[in-house]
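The next block holds one structure in the form of structure tokens; read it before the comments.
Small disclaimer: the values here were computed from a predicted structure and weren't measured. FYI, the numbering just counts along the sequence from 1.
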Amino acid sequence: MGKALDSQIGGNHYKLPIQPVEFIYKNQLDYLRGNVIKYVTRTKNGAENIRKAKHYSEILLGLEYANKA
């Protein structure tokens, strides 16, 4: 996908063989789903990132599934 994926600016919070941004892009995920993926895969700020992923999941539930059983 290019040299930009070979480096990370501003820290080292992803230690994965496939970068979250690459997964998000290749799977054409929207903003909310992409943020869930981004935050659950971060190794920095553990619990805070899980809370962020949960928050984006709750937004997604409210916007897309609030009126569905």
Side-chain angles (χ1 to χ4, degrees):
M1 281 188 76
K3 291 188 177 196
L5 289 174
D6 294 337
S7 66
Q8 182 173 323
I9 297 173
N12 189 22
H13 28 282
Y14 301 109
K15 298 176 183 174
L16 304 165
I18 299 169
Q19 292 300 306
V21 67
E22 188 174 1
F23 179 86
I24 292 163
Y25 179 79
K26 285 185 175 182
N27 289 284
Q28 301 177 346
L29 299 180
D30 60 40
Y31 179 79
L32 295 171
R33 287 173 176 82
N35 274 329
V36 171
I37 297 297
K38 176 178 77 172
Y39 285 117
V40 297
T41 55
R42 280 189 171 183
T43 58
K44 178 179 156 184
N45 300 327
E48 179 182 341
N49 286 320
I50 299 302
R51 283 191 287 276
K52 288 178 181 180
K54 181 180 173 189
H55 178 72
Y56 279 105
S57 295
E58 289 169 347
I59 293 170
L60 185 60
L61 280 168
L63 291 173
E64 291 195 15
Y65 303 103
N67 297 323
K68 297 178 183 173

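- Residues passing the side chain to side chain donor-acceptor pair (under 3.5 Å) test with Arg33 are Asp30, Glu64, Tyr65, sequence neighbours excluded.
- Annotation: side chain to side chain contact (heavy atoms under 4.5 Å, CB included) contacts of Tyr31 (sequence neighbours excluded): Asn35, Tyr56.
- Contacts of Glu48 classified as side chain to side chain donor-acceptor pair (under 3.5 Å), with partners at least two apart in sequence or in another chain: Lys52.
- For the residue pair Pro20 and Thr41, the shortest heavy atom distance occurs at CG-OG1, 3.1 Å.
- Distance check, rounded to the nearest 0.5 Å: CG of Leu32 to CD of Glu58 gives 12.0 Å.
- Dense packing is recorded around CG of Leu61, with more than 12 heavy atoms of other residues, nucleotides or ligands lying under 6.0 Å away.
- Within the model, atoms CG of Asn27 and CD of Glu22 stand 10.0 Å from one another, a figure rounded to the nearest 0.5 Å.
- Between Ile24 and Lys38, the shortest heavy-atom contact is CD1-N, 4.4 Å.
- In plain terms, the two heavy atoms of Ala53 and Val40 that are nearest each other are CB-CG1, 3.4 Å.
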